[in-house]
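Below is one structure, written out as structure tokens, with a few remarks after it.
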There are 2 protein chains.
Amino acid sequence: MRIGQLARSVGVDTQTIRFYEREGLLPPPDRQDNGYRIYTERHVERLAFIRRCRILELSLAEIHELQRYQGAPHQPCRAINTLLDDHLAHVRSRITDLQVLEKQLTSLRASCNDDRDIGACGVLEGLSEESMQQ
Amino acid sequence: MRIGQLARSVGVDTQTIRFYEREGLLPPPDRQDNGYRIYTERHVERLAFIRRCRILELSLAEIHELQRYQGAPHQPCRAINTLLDDHLAHVRSRITDLQVLEKQLTSLRASCNDDRDIGACGVLEGLSEESMQQ
DNA sequence: ATTGACCTTATAGTTACTATATAGTTTTAA
DNA sequence: TTAAAACTATATAGTAACTATAAGGTCAAT
């Protein structure tokens, strides 16, 4: 199949597919005489794997690492679990950070109503106060 | 004061200060004869304002917008509140997304223990399954 | 013959810095 | 006094993961 069909069947842009190829995440496919890329079922699976990892917000570097592990199926899989644990820790820490942020923003927002002048805006005052350091 | 002292007093890098100047967030200061930038108290406040906004993860574009509002203190402040509401909505939506992610990752992680071969790794299998689409 | 849909490469833009290179200036210590 | 350390300046490239744009070649159908 050509790049457009691969793109549609996995749900990514053709540009992204070429980008993954350049980055070494997707093996370079054969070409037709006219230079068009020809993909196989194996490419579909490989790209779908990348897609699933990206949905989980794994980085391309992490995906690369996972692909290296896939090439050595008789090694112990601890490294894979560790990679996932690290990513999970990162996601959890980000959630915590954003929850703190949400509280700060909510409290800042509560310090103003819509019908003041900018010169008296509680939000702007809050942002201008030294107390709002961290 | 010179750039290094401004940087230390607000807690940003000197490079970042020059970057903000190029981006139009910080007004270009006067220069000494040798070309060194000379900052005043007003610059300290302006930079501290930017810093506080950045801690709340407002974008530079949003900070720019806030600065424009500051220049017109007799306009109604509704636009400022709207800007904050939009940002808050964005933060909340990101939290929700990450919480979904966290659940998916936790469940994927639970499908493996540390002492298998990569060929039997539950995590890798989970990532390779079509069911893990979205 | 030309329109439209597809494919190709190369290059630049996005965000908010951060790092590097190269060089001039000021301050401090020997 | 001189030499090193610390500071300043500019310019340019790198980061992450695409996304957009430009300029052009290919193919099927009208």
Side-chain angles (χ1 to χ4, degrees), chain A residues 1-26 28-39 43 46-47 49-67 83 86-87 90-91 94 97-98 101 134, chain B residues 1-26 28-39 43 46-67 83 86-87 90-91 94 97-98 101:
Chain A
M1 83 188 63
R2 297 192 310 203
I3 197 167
Q5 196 188 335
L6 174 61
R8 272 189 303 279
S9 79
V10 177
V12 305
D13 196 273
T14 56
Q15 299 243 65
T16 303
I17 294 174
R18 295 192 196 98
F19 170 72
Y20 287 160
E21 181 182 330
R22 276 202 303 284
E23 296 293 303
L25 284 165
L26 212 50
D30 289 342
R31 303 283 185 128
Q32 283 177 183
D33 291 349
N34 57 17
Y36 288 14
R37 292 172 176 80
I38 306 294
Y39 293 98
H43 286 99
R46 187 91 174 245
L47 182 58
F49 178 83
I50 298 173
R51 178 97 209 289
R52 283 175 219 119
C53 291
R54 290 296 299 141
I55 287 170
L56 297 175
E57 300 194 16
L58 291 163
S59 69
L60 298 192
E62 288 168 326
I63 297 170
H64 218 102
E65 203 177 331
L66 287 176
Q67 289 181 342
L83 188 155
D86 290 350
H87 184 54
H90 165 253
V91 169
R94 184 65 182 146
D97 289 351
L98 286 178
L101 213 58
Q134 200 226 34
Chain B
M1 81 187 64
R2 298 191 310 200
I3 198 167
Q5 197 186 334
L6 174 61
R8 272 187 303 279
S9 80
V10 177
V12 304
D13 195 272
T14 55
Q15 299 244 66
T16 303
I17 294 174
R18 295 191 196 97
F19 170 73
Y20 287 160
E21 181 182 329
R22 276 202 304 284
E23 296 294 301
L25 284 165
L26 211 50
D30 288 343
R31 302 283 186 129
Q32 283 177 183
D33 292 349
N34 58 16
Y36 287 14
R37 290 171 177 81
I38 305 293
Y39 293 99
H43 286 98
R46 188 92 175 245
L47 183 57
F49 178 84
I50 297 172
R51 178 98 208 288
R52 281 175 220 119
C53 292
R54 288 298 297 142
I55 286 170
L56 297 174
E57 299 193 17
L58 291 163
S59 70
L60 299 191
E62 286 168 327
I63 297 170
H64 217 103
E65 202 177 330
L66 288 176
Q67 289 181 342
L83 187 154
D86 290 350
H87 183 55
H90 165 253
V91 168
R94 184 64 183 147
D97 289 352
L98 286 178
L101 214 57

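Residue numbers start from 1 in every chain, and the chains themselves are labelled A, B, ... in the order their sequence lines are given, proteins ahead of strands.
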Under 4.0 Å between a side-chain N/O of [X] and OP1 or OP2 of [N], yes or no?
X: A:Y20; N: D:dA17; value: no
X: A:R37; N: D:dT26; value: no
X: A:R8; N: C:dA5; value: no

Please state how far atom [atom1] in [X] lies from atom [atom2] in [N], giving the value in whole angstrom units.
X: A:L25; N: D:dA16; atom1: CG; atom2: P; value: 13 Å
X: A:E21; N: D:dA17; atom1: CD; atom2: P; value: 18 Å
X: A:I17; N: C:dC7; atom1: CD1; atom2: P; value: 9 Å
X: B:I63; N: C:dC17; atom1: CD1; atom2: P; value: 8 Å
X: B:I3; N: C:dT26; atom1: CD1; atom2: P; value: 16 Å
X: B:I38; N: D:dC7; atom1: CD1; atom2: P; value: 15 Å
X: A:D13; N: C:dC7; atom1: CG; atom2: C1'; value: 13 Å
X: A:F19; N: C:dA12; atom1: CZ; atom2: C1'; value: 14 Å

Kindly point out which of [options] is positioned nearest to the side chain of [X]?
X: A:S59; options: C:dT8, C:dC17, D:dA17; value: D:dA17
X: B:Y36; options: C:dT25, D:dT19, C:dC7; value: C:dT25
X: B:R2; options: C:dA16, C:dT26, D:dA9; value: C:dT26
X: B:T16; options: C:dC17, C:dC6, D:dT8; value: C:dC17
X: B:Q15; options: C:dC7, C:dA19, D:dC7; value: C:dA19

>> Between B:R2 and B:R37, is there a side-chain heavy-atom distance shorter than 4.5 Å?
In response: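 Not touching, per the 4.5 Å side-chain cut-off.
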> So what does B:R31 touch, heavy atoms closer than 4.0 Å: a base, only the sugar-phosphate, or nothing?
Replying inline: sugar-phosphate
> What is the nucleic acid contact for A:R18, judged by heavy atoms within less than 4.0 Å: base, sugar-phosphate only, or nothing?
Replying inline: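 Contact class for A:R18: base.
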>> Would the distance check show the side chain of A:H87 and the main-chain N or O of A:L56 forming a donor-acceptor pair, the cut-off being under 3.5 Å?
In response: yes
>> Whether the side chain of B:E62 engages the backbone of B:L83 through a donor-acceptor N/O pair (distance < 3.5 Å, no angle test) should be reported.
In response: no
>> Here's a test of your reading of the structure: between B:N34 and B:R54, which maps to the more 5' nucleotide of DNA chain C?
In response: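 The 5'-side residue here is B:R54.
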> Of B:L58 and B:Q32, whose closest DNA chain C nucleotide lies nearer the 5' terminus?
Replying inline: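 Upstream on the strand: B:L58.
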> Out of curiosity, A:Q32 CD to A:I38 CD1, how far, rounded to the nearest 0.5 Å?
Replying inline: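 It is 3.5 Å, given to the nearest 0.5 Å.
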> Roughly how far apart are A:H43 NE2 and A:Y20 OH, rounded to 0.5 Å?
Replying inline: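 Between A:H43 NE2 and A:Y20 OH, I get 15.0 Å after rounding to 0.5 Å.
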>> Assuming nearest nucleotide by heavy-atom distance, tell me which of B:R22 and B:T14 is located more 5' along DNA chain D.
In response: B:T14
>> What I want to check is whether the side chains of A:Q15 and A:D13 have a donor and an acceptor closer together than 3.5 Å.
In response: no
